[in-house]
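Take a look at the structure below.
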Amino acid sequence: MIDHIDEIREDFPILKREMNGYPVDYLDNSATTLKPKAMIDEVVRYYTYLGANAHRGDYEMSAQVDYAYEGARKTTAEFINAARKEEIVFTSGTTESLNLLAMMITNQLLHEGDVVLSTETEHASSILPWQQAGYDKKVSVNFIPLTKEGRLTIDNFKKALEDNPTTKVVAVAQVSNVLGYTAPIKEMAKIAHEKGILLVVDGAQSVAHMPIDVQDLDCDFFCFSGHKMCGPTGIGVLYGKFELLEKLHPMIFGGESNARFYKYEALVLKRTPYKYESGTMPIEGALGMAAAMRYLKKIGLENIHEYELELKQHFLERYEKELKDKVTIYNAENGCGIITFNVFDHGKLIFPQDMASFLSSKGIAVRSGQHCAKLMGDLIKAPGTVRASIYFYNTMEDIDRLVDALKEASFENTLDIFF
Ligand code: PMP
């Protein structure tokens, strides 16, 4: 239970700022989250006290950085219950993690005619890298059919596997960033593994909102970004089962990934995960992300999930009474804090970007457009949607402000913003 919201809000300095003359009502948490002071302080501590590079120096300051950086790896492993800290590779974010996996797996393990199964609601970074890597090799990306609301079901998954018998990889998000439905990852892993198929999970939208246990899910890879979980930008994670990370060969080479390299034929790479971390890493990012994870653990991931649902329920109750005639929600039953909708004035769609600008004029931050998932045209017959995404520092009042603004919105006053 979250019963100390005022205290929590004090932890986020940015909540003191205004937008267009109103206290900021930040409901764009799927794009990125706000940052608690504990995380900001950790980044500042690196720059004001630690300072040195990691895994390079033979002096005390450098050893302190090594200790902090490897500590961040351990914190990250514990956060998702990885079996060992060496299963955590730091990257710049989900996008880089997914791109690296698509390139490594396609180049090293797949053959012409193999199939990567995905879905049409995936973020671009979970489809494009596979299409790109598979293009020359004639490895295709095919889609698991979704229900009419956009859910991924086990029955449809099994059917897609029957229709695509050469499937070697399944790459899906645990929680969709557009609709917020949760994929049945654990059951999918079991079915995939019975057929020797690898399961790559995009955890960008799940990791900060529910407890994650990669051993229980039994996925082969799990990717996420620090900035969507109260951490810094420019840091993310590629989790992989140790034996798979050992088997793959990295895509990026440089200092610190190799043990010896006199001749290329004699290249000896360091062990996992260091062979994947060439060049100077975002050290302050890793430390900051670990601080964010400690902070989130203190609040409790179960509590966060439950609180988001409480706020969403409040929205839905007011929606039923006050908004039903003019707002269409596409995902009321998704079980998370992502609300995707469109607003209509006498049946005429208010263009989502106009709606977002109107809400901004009232200090409310939401996302509008296609949310980097551009294949969804058949599921939502509109040029885009408005997305409000809730996090644990939002309040009932934030939700009330959104509902009040939606009630007020009309075709005319949303266009007025531009004139
Ligand atoms: N996958 C999903 C489901 C996402 O929501 C996002 C971010 N919107 C990404 C991948 C990409 O994350 P990043 O931009 O942090 O690399």
[X] and [Y]: side chain donor to acceptor below 3.5 Å:
| X | Y | value |
| --- | --- | --- |
| T340 | N331 | yes |
| D218 | H193 | yes |
| N20 | S360 | yes |

Which heavy-atom pair separates [X] from [Y] by the least distance, and what is that distance?
| X | Y | result |
| --- | --- | --- |
| Y22 | R401 | CB-NH2, 3.4 Å |
| F222 | S206 | CZ-OG, 3.8 Å |
| L316 | A332 | CD1-O, 3.9 Å |
| C230 | A292 | O-CB, 3.4 Å |
| L110 | K137 | O-NZ, 2.8 Å |
| D400 | R318 | OD1-NH1, 3.0 Å |

- Task: Can you run down the side-chain hydrogen bond (donor to acceptor under 3.5 Å, both in side chains) pairs that involve residues 286-295, sequence neighbours left out, and say none if there aren't any?
- Result: D11-Y295
Under the salt bridge (charged side-chain N to carboxylate O under 4.0 Å, His left out) definition, can you give me all pairs with a residue in [range], not counting sequence neighbours?
| range | value |
| --- | --- |
| residues 246-255 | E246-R271 |
| residues 163-173 | D114-K168, K159-D163 |
| residues 74-100 | E70-K85, K74-E78, R84-E86 |
| residues 44-56 | E42-R45 |

Supply the atom-to-atom distance [X] [atom1] to [Y] [atom2], rounded to the nearest 0.5 angstrom.
| X | Y | atom1 | atom2 | answer |
| --- | --- | --- | --- | --- |
| L34 | F12 | CG | CZ | 7.0 Å |
| I40 | I14 | CD1 | CD1 | 8.0 Å |
| E284 | I235 | CD | CD1 | 8.0 Å |
| L98 | F221 | CG | CZ | 11.0 Å |
| Y276 | M104 | OH | CE | 4.5 Å |

Partners meeting side-chain hydrogen bond (donor to acceptor under 3.5 Å, both in side chains) with [X] (sequence neighbours left out):
| X | value |
| --- | --- |
| E317 | Q313 |
| T76 | none |
| E112 | none |
| N29 | Y393, N394 |

Can you confirm whether [X] is buried at [atom1], in the sense that more than 12 heavy atoms of other residues, nucleotides or ligands lie under 6.0 Å from that atom?
| X | atom1 | answer |
| --- | --- | --- |
| Y49 | OH | no |
| E302 | CD | no |
| E10 | CD | no |
| K37 | NZ | no |
| K138 | NZ | no |
| K298 | NZ | no |
| E18 | CD | yes |

- Message: H249: which residues meet the ring pair (Phe, Tyr, Trp, His ring centres under 6.0 Å) condition with it, sequence neighbours left out?
- Response: F253
- Query: Do D398 and Y26 pass the side chain to side chain donor-acceptor pair (under 3.5 Å) test, and can you show the C-alpha distance, the side-chain angles, and the key distance before you say yes or no?
  - Reply: CA-CA 8 Å; D398 287 345; Y26 189 79; over 6 Å; no
- Going through the checks in order, is the salt bridge (charged side-chain N to carboxylate O under 4.0 Å, His left out) test met by R367 and D28? CA-CA 6 Å; R367 175 90 187 262; D28 195 17; 5.7 Å; no
- Are the side chain of T94 and the backbone N or O of S225 linked by a donor-acceptor pair below 3.5 Å? yes
- Could you walk me through whether K190 and E194 pass the salt bridge (charged side-chain N to carboxylate O under 4.0 Å, His left out) check? CA-CA 6 Å; K190 188 161 180 293; E194 280 162 7; 3.5 Å; yes
Quiz: residues 179-186 side-chain donor-acceptor pairs under 3.5 angstrom, not counting sequence neighbours:
residue, atom, partner, partner atom, Å
K186, NZ, D216, OD1, 2.9

- Query: Is there a side-chain contact between L244 and L198 (heavy atoms, below 4.5 Å)?
  - Reply: yes
- Task: Check salt bridge (charged side-chain N to carboxylate O under 4.0 Å, His left out) between E306 and all other residues, then give those that pass, not counting sequence neighbours.
- Result: none
- Task: Please name the residue in the list V141, L161, V169, L199 that meets the side-chain contact (heavy atoms from CB on, under 4.5 Å) test with L117.
- Result: L161
- Qualifying residue, where the test is side-chain contact (heavy atoms from CB on, under 4.5 Å) with F392 and the options are L296, N303, L301, L311: L296
- Task: Check step by step if side chain to side chain donor-acceptor pair (under 3.5 Å) holds for S30 and N177.
- Result: CA-CA 7 Å; S30 290; N177 64 311; over 6 Å; no
- Would you please indicate if the ring centroids of F90 and Y69 are separated by under 6.0 Å? yes
